[in-house]
Amino acid sequence: MIIADLEPLVREYRSFNIPPLFLRDEVIERLPKPARFNDYHVIVGMRRSGKTFYAFQKMQELIDSGYDRERIFYFNFADDRLAPIEPGLGDRIVEEYFREVPQAREGGCYFFFDEIQELVDWQPFLRRLAEHEQVTIVVTGSSSKLSSEELATESRGRSRSHVLLPLSFAECVRLAGKGDLIAQIAAGAALPERDKTALLGLLDRYIEIGGFPAVQEATRSERIEVLQGYVRDVVARDVAERFERTEIGLANQLALFALRNTGCEYSLNLLSDTLSDIGYKAYWAKVNRLSELMQQAYLFRLLREFTMQLAPSSTEVPKVYAIDPGLAFAVSRASQQDMGKRLETTVYLELMRRLAGRRIEAVSSYTAPKPVGGKVDFIVGDALSQEAYEPIQVAVSMESEKTRKREVGALQACMKRAHLDHGTIVTRAETETIETEAGRIDVMPAWQWLLTPINL
C-alpha cells in the first residue's frame, strides 16, 4: 500500500466514533501517561470475549477525563483496505498520524492497535515505537499469536498481558439491570426472597448461556450455533495455522473432548489412546502440543494438583476447565450436560478473575489421602510457600447424605493438612454453617459467593 493511500485511512481512523459500551470490569488497573520506554499493554483472551470493546472503553475513559481526543489514535490492522500488508506498514501509519497531528509526537499520545498480529513485523514495531516515542500503547489481537511464549521472546520485557474472559456472572447481573443487588450484597444487606429468586434464575441462565457478549440476547438455537462456530474458529484459525492444517480433524476432536469434560480429569495418555483407537495418529507429543496451543488461544485451561514439590509429579493428572460454561453447554451432548460441572467451571473462572496478576499456581486442586480420599475442587494459595488459605468445594446440592459426607470429609481433611480453620462449599442455592473438628465450613449459594467481594 502506497503512502498516499494511507492519508484518507488515517484521517478516517482519527475521527473514529466509539460505539455505545457496556462497561466491563477492569483488567488494566492503570494506563500510564505517555512516555518513552513505557510497557505496552496486550489484551488477550478467547475470540469474541470483547477485547476490542474493552479497548474502546479505555479510550472513552481517557476522553471523559479530559484528554485531547486528537492524541488518542485507534487503528484496526485487519482493515481489508490495507491488503497486501507489507513490512514497515505500522511505521508508515504512525508517521502519517504524527504528520497530521504533530502535537501528538511533541506532547505524547495513546495508541490503540486492533488485530496487531496482522502486521508481519508487529513485535519489533511495538518495541521500537515504545522505546523512541512518548506513547502509551494498548493492543489486541489473536491470543494464540500474542501468546506468552512470543511476548517473552520478542518484547524484551516491555509487554504486559491482561486476560479478558467472557462476561462474569456479576457483569451479566448488571447487564440484566440488577446491579443494585450487587451493591446490597457488598454492603451485607439481607435480600428479600424475591431478589434471591431473581439471582438464582440469573445464575441458572448464566451456567447455560455463559458470558460471551454476542449471545446474551440470542435464541437458544442461535446461541448454540454461534458458540459452536467460535470453537471451530479457534481450532481453524488459532490452532491449525500454528500446527498442521492436515490435523484439523484431530484438533476438533480434542477441543470437543476438553470442553465436554469441563471440571473433569484431563489425562493426555488416556486421551492419546482414545483418539488413536478411533483412527487418529494421536501420539502423546502431538496431543500435548495441540493442548498447549488451545490453552494459548484461551479455549480451556488446566488446573494442577496442590503439591509441596518443586516439580509436579509425572503421574499427576490435571483437571480441565472450559473458558466459559456456555461454551461447554453448546458443544455437549444431552447426556454430558452436567450442571454441577458447569457450576464448578463458573467458580473456577471467577477465581481466575480474582487472582489475576497473582503468582502462578495460586489456585490448584487437592486430593485428600486415604482412608478419607476424595477431592477438594480448589485450594487457593501458594503451595511452595505453604500459603494455602482458602479451600473451596462446589456441589449443586448438599441434600444427599452421600454427597454431604464426600464433600465435607475431603474439605475437612484438606483443612487439617493445611492448618486452616475455615472452608467453603459453594452450592446452587443452599445456605448452612457446618461445625467440624477441623473448623467451620460455610455452605453458601453460588450467586452470593460470585457477587460477594472476597480478598483472596
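Heads up: numbering here begins at 1 and tracks the sequence.
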> At their closest point, which heavy atom of V331 faces which heavy atom of R260, and how far apart are they?
Replying inline: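 Here V331 and R260 meet closest at O-NE, 2.7 Å.
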
>> So which atom in D324 and which in G211 form the shortest heavy-atom distance, rounded to 0.1 Å?
In response: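 Result for this residue pair: OD1-N, 2.7 Å.
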
For [Y], is there any backbone N or O sitting under 3.5 Å from a side-chain donor or acceptor partner on [X]?
X    : Y    : value
E344 : A395 : no
K51  : M46  : yes
D121 : P124 : no
R71  : G108 : yes
H162 : V27  : yes
D338 : K341 : yes
D233 : R47  : no
R36  : E131 : yes
Q134 : P34  : no
Q393 : D377 : yes

>> Angle between ring planes, Y266 versus F257, binned at 30° and 60°: parallel, tilted or perpendicular?
In response: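 Ring orientation, 0 to 90° scale: tilted.
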
>> For R99, is there an ion pair with E96 - N to carboxylate O distance below 4.0 angstrom?
In response: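 Yes, charged N to carboxylate O under 4.0 Å.
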
>> One thing to verify: whether R14 and E100 come together as a salt bridge, which I'm taking to mean a side-chain N less than 4.0 angstrom from a carboxylate O.
In response: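 Between R14 and E100 there is a salt bridge, with a charged N closer than 4.0 Å to a carboxylate O.
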
>> I'd like to know whether D5 forms a salt bridge (charged side-chain N to carboxylate O under 4.0 Å, His left out) with R81, so could you lay out the CA-CA distance, the side-chain angles of the two residues, the decisive distance to 0.1 Å, and finally the verdict.
In response: CA-CA 9 Å; D5 294 334; R81 292 171 292 180; over 6 Å; no

> Is the gap between the ring centers of Y54 and F56 under 6.0 Å?
Replying inline: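 Between F56 and Y54, which both carry aromatic rings, the centre distance is not below 6.0 Å.
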
>> Apply salt bridge (charged side-chain N to carboxylate O under 4.0 Å, His left out) to residues D442 and R440 and explain how you reach the verdict.
In response: CA-CA 6 Å; D442 289 328; R440 188 182 85 250; 3.0 Å; yes

> Roughly how far, to the nearest 0.5 Å, is OG1 of T140 from CZ of F77?
Replying inline: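 F77 atom CZ to T140 atom OG1 measures 10.5 Å (nearest 0.5 Å).
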
> Does a sphere of radius 6.0 Å around CZ in R48 hold more than 12 heavy atoms from other residues, nucleotides or ligands, not counting ones at 6.0 Å or beyond?
Replying inline: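 Atom CZ in R48 is not packed in, count stays at 12 or less.
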
>> Is it the case that atom CD in E26 sees more than 12 heavy atoms from other parts of the structure closer than 6.0 Å?
In response: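 For E26, atom CD is crowded (more than 12 foreign heavy atoms under 6.0 Å).
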
What donor-acceptor contacts under 3.5 angstrom involve side-chain atoms of residues 169-189, with partners at least two apart or in another chain?
from : atom 1 : to   : atom 2 : distance (Å)
E171 : OE1    : R24  : NE     : 3.4
E171 : OE1    : R24  : NH2    : 3.4
E171 : OE1    : S168 : N      : 2.8
E171 : OE1    : S168 : OG     : 3.4
E171 : OE2    : R24  : NE     : 2.9
E171 : OE2    : D25  : N      : 2.7
R174 : NH1    : D25  : OD1    : 3.0
R174 : NH2    : L23  : O      : 2.6

Side-chain donor-acceptor pair present, [X], [Y], cut-off under 3.5 Å:
X    : Y    : result
E430 : S397 : yes
E390 : T424 : yes
Q216 : R223 : no

> Can you check side-chain contact (heavy atoms from CB on, under 4.5 Å) on I116 and Y40, steps first, answer last?
Replying inline: CA-CA 12 Å; I116 191 68; Y40 56 87; over 6 Å; no

Measure the shortest side-chain to side-chain distance between [X] and [Y] over non-hydrogen atoms and say whether it is less than 4.5 angstrom.
X    : Y    : answer
E208 : R220 : yes
I425 : L411 : yes
F98  : E133 : yes

> So which of F73, Y13, F113 actually passes ring-ring contact (aromatic ring centres under 6.0 Å, His included) with Y97?
Replying inline: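 Of the listed options, the one satisfying the test is F73.
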
> For W122, is the NZ or CZ atom of R128 found under 6.0 angstrom from the centre of its six-membered ring and inside 45 degrees of the ring axis?
Replying inline: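 Checked: cation-pi criterion not met.
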
>> Can you list everything that forms a ring pair (Phe, Tyr, Trp, His ring centres under 6.0 Å) with Y67? Sequence neighbours excluded, please.
In response: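 So Y67 forms a ring pair (Phe, Tyr, Trp, His ring centres under 6.0 Å) with Y110.
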
